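Following: one structure in structure tokens, then a few remarks.
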Number of protein chains: 2
Amino acid sequence: MTAEAEFDRIDFAILGLLAKDAWLSNKQIAAAVGLAPSSCHERIKSLRARGVLLGAHAEVNLQAVGFSLEAVLFVQLGKLEVEAVDSFVSTTAAIAEVRGVFLVSGRSDLIVDVVVRDMQHLKMIISEHFNQHDVVLRVETSIVFSRQQHYTLPRPWSTAKTG
Amino acid sequence: MTAEAEFDRIDFAILGLLAKDAWLSNKQIAAAVGLAPSSCHERIKSLRARGVLLGAHAEVNLQAVGFSLEAVLFVQLGKLEVEAVDSFVSTTAAIAEVRGVFLVSGRSDLIVDVVVRDMQHLKMIISEHFNQHDVVLRVETSIVFSRQQHYTLPRPWSTAKTG
DNA sequence: GTCGTCAATCGAATAGATTTCGGAAACATG
DNA sequence: CATGTTTCCGAAATCTATTCGATTGACGAC
């Protein structure tokens, strides 16, 4: 609504740097974007207040702490009311082993990203939280062999408007 | 050999806190886990050196910066050599609009998470980076209506062993 | 063109945090 | 019980974040 927020290239540079490494100090960011630390600090504070910078999360090596199996669940739901679906999404997202829930169009209705210790753990999660649920018609499971992620921001203005 | 990393519950508490909020100060974490700031600092340093804490990333409100459309691509690949597949995965992961690539078992071989400005942008990404590629047999696209994620660590020791 | 207004930036000062390090305490080992 | 090892603590030093008043520059009104 009121949030007609505008950003210049310095704001985007700050966002990009923090998306790549949230542990950069304000001083480092200021130097990287060519601003005084105090000015940079004001901008970051503003980005947080405006809801553009939502927070930061540490990346934990899950294999190192014993979660060596990752899976993606494709869930088909019955034709139910929106309330029931939303409720199921929320309770699913609250499961400790679930890292993300996507409500999508297409062949399946829900995509669920799950991190578990082993196959038995995975079987338990599926049978306990999905197969026993009325809303769920069917669950397909895909094992994740490997993943690659990155945290860089795409360029905001397509390929122009910057100069 | 050297990598027989062991963790106690304080290490897990630190990891959990930082996974939820990487901007917590060392002082705050120390207070939360009941340690002196210097001791807590040593533990965090060790977790980083051992490769358990991999880094931290700011969470950016992508809608606020103009990326209001998210999609998941399900990619089927031809029966090719491992090299060609790995190469394709790497180049795909390097696309700015791609946030994650998952190599999986099941109906499709690759799951690609994409963030774009609009439909035209999405169409461009797919046709340019996927449809024109020899390795790709078929791409199915799912629009993401909503997503829920959380960054809390599951309990490491199943339901026992903690006492 | 000139003035007034507003927003952004800077630099210095303060308050606060991180980081290092020697010594004490806890723990396991023989 | 003695010993070596690890972990923890507290204080000192260093560095950083944060605030604030003053300056600059851009922009619109007249």
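Convention: sequence-line order gives letters A, B, ...; per-chain numbering from 1. Fair warning: this is a prediction, and the values are worked out from it, not measured in the lab.
The distance between atom CD1 of A:Ile44 and atom C1' of D:dT16, rounded to the nearest whole Å, is 13 Å. Atom-to-atom, NZ of A:Lys45 to C1' of D:dT18 comes out at 7 Å; the value is rounded to the nearest Å. Following rounding to the nearest Å, B:His41 (NE2) and D:dA11 (C1') show an atom-to-atom distance of 16 Å.
For A:Arg107, the salt bridge (charged side-chain N to carboxylate O under 4.0 Å, His left out) partners at least two apart in sequence or on another chain are B:Glu140. With sequence neighbours excluded, the residues satisfying ring-ring contact (aromatic ring centres under 6.0 Å, His included) with B:His57 are A:Tyr151. Partners of B:Ala13 by side-chain contact (heavy atoms from CB on, under 4.5 Å), not counting sequence neighbours, listed by chain and number: B:Val33. Under the side-chain contact (heavy atoms from CB on, under 4.5 Å) criterion, B:Ser25 pairs with B:Lys27, B:Gln28, not counting sequence neighbours.
In the hydrophobic clustering, A:Leu137 connects to no other residue, as no ILVMFWY side-chain heavy atoms lie under 4.5 Å from its own.
Residues from residues 14-35 of chain B placing a heavy atom under 4.0 Å of any atom in DNA chain C, listed by number, are B:Ser25, B:Asn26, B:Lys27.
Taking a heavy-atom distance under 4.0 Å as the criterion, the stretch of DNA chain C touched by chain B extends 5' to 3' from C:dA17 to C:dT20.
Under the salt bridge (Lys or Arg N to Asp or Glu O under 4.0 Å) criterion, no residue pair touches residues 52-69 of chain B, with sequence neighbours excluded.
Judged by distance alone, the side chain of A:Asn61 and the main-chain N or O of B:Gly51 form a donor-acceptor pair under 3.5 Å.
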Distances for protein N/O vs nucleotides 20-25 of chain D N/O pairs under 3.5 angstrom?
none

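A donor-acceptor contact closer than 3.5 angstrom links the side chains of B:His121 and B:Glu97.
For the helix from C:dG1-D:dC30 to C:dG30-D:dC1, the end axes, each set by the C1' atoms of five terminal pairs, are bent relative to each other by 40° (nearest 10°).
Within the model, atoms CD1 of A:Ile14 and CG of A:Leu53 stand 8.5 Å from one another, a figure rounded to the nearest 0.5 Å. Atom NE2 of residue B:His133 and atom NE2 of residue B:His129 lie 9.5 Å apart, to the nearest 0.5 angstrom.
Heavy-atom contacts from other residues, nucleotides or ligands closer than 6.0 Å to CD of B:Gln149 number more than 12.
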Please report, to 0.1 Å, the donor-acceptor pairs under 3.5 Å made by any side chain of residues 69-89 of chain B, with sequence neighbours excluded.
| from | atom 1 | to | atom 2 | distance (Å) |
| --- | --- | --- | --- | --- |
| B:Glu70 | OE1 | B:Arg147 | NH1 | 2.9 |
| B:Glu70 | OE2 | B:Arg147 | NH1 | 2.8 |

All N/O donor-acceptor pairs, side-chain side in residues 34-43 of chain B, below 3.5 Å, sequence neighbours left out:
| from | atom 1 | to | atom 2 | distance (Å) |
| --- | --- | --- | --- | --- |
| B:Arg43 | NH1 | B:Asp8 | OD1 | 2.9 |
| B:Arg43 | NH1 | B:Asp8 | OD2 | 3.1 |
| B:Arg43 | NH1 | B:Asp11 | OD1 | 3.0 |
| B:Arg43 | NH1 | B:Asp11 | OD2 | 3.3 |
| B:Arg43 | NH2 | B:Asp8 | OD2 | 3.0 |

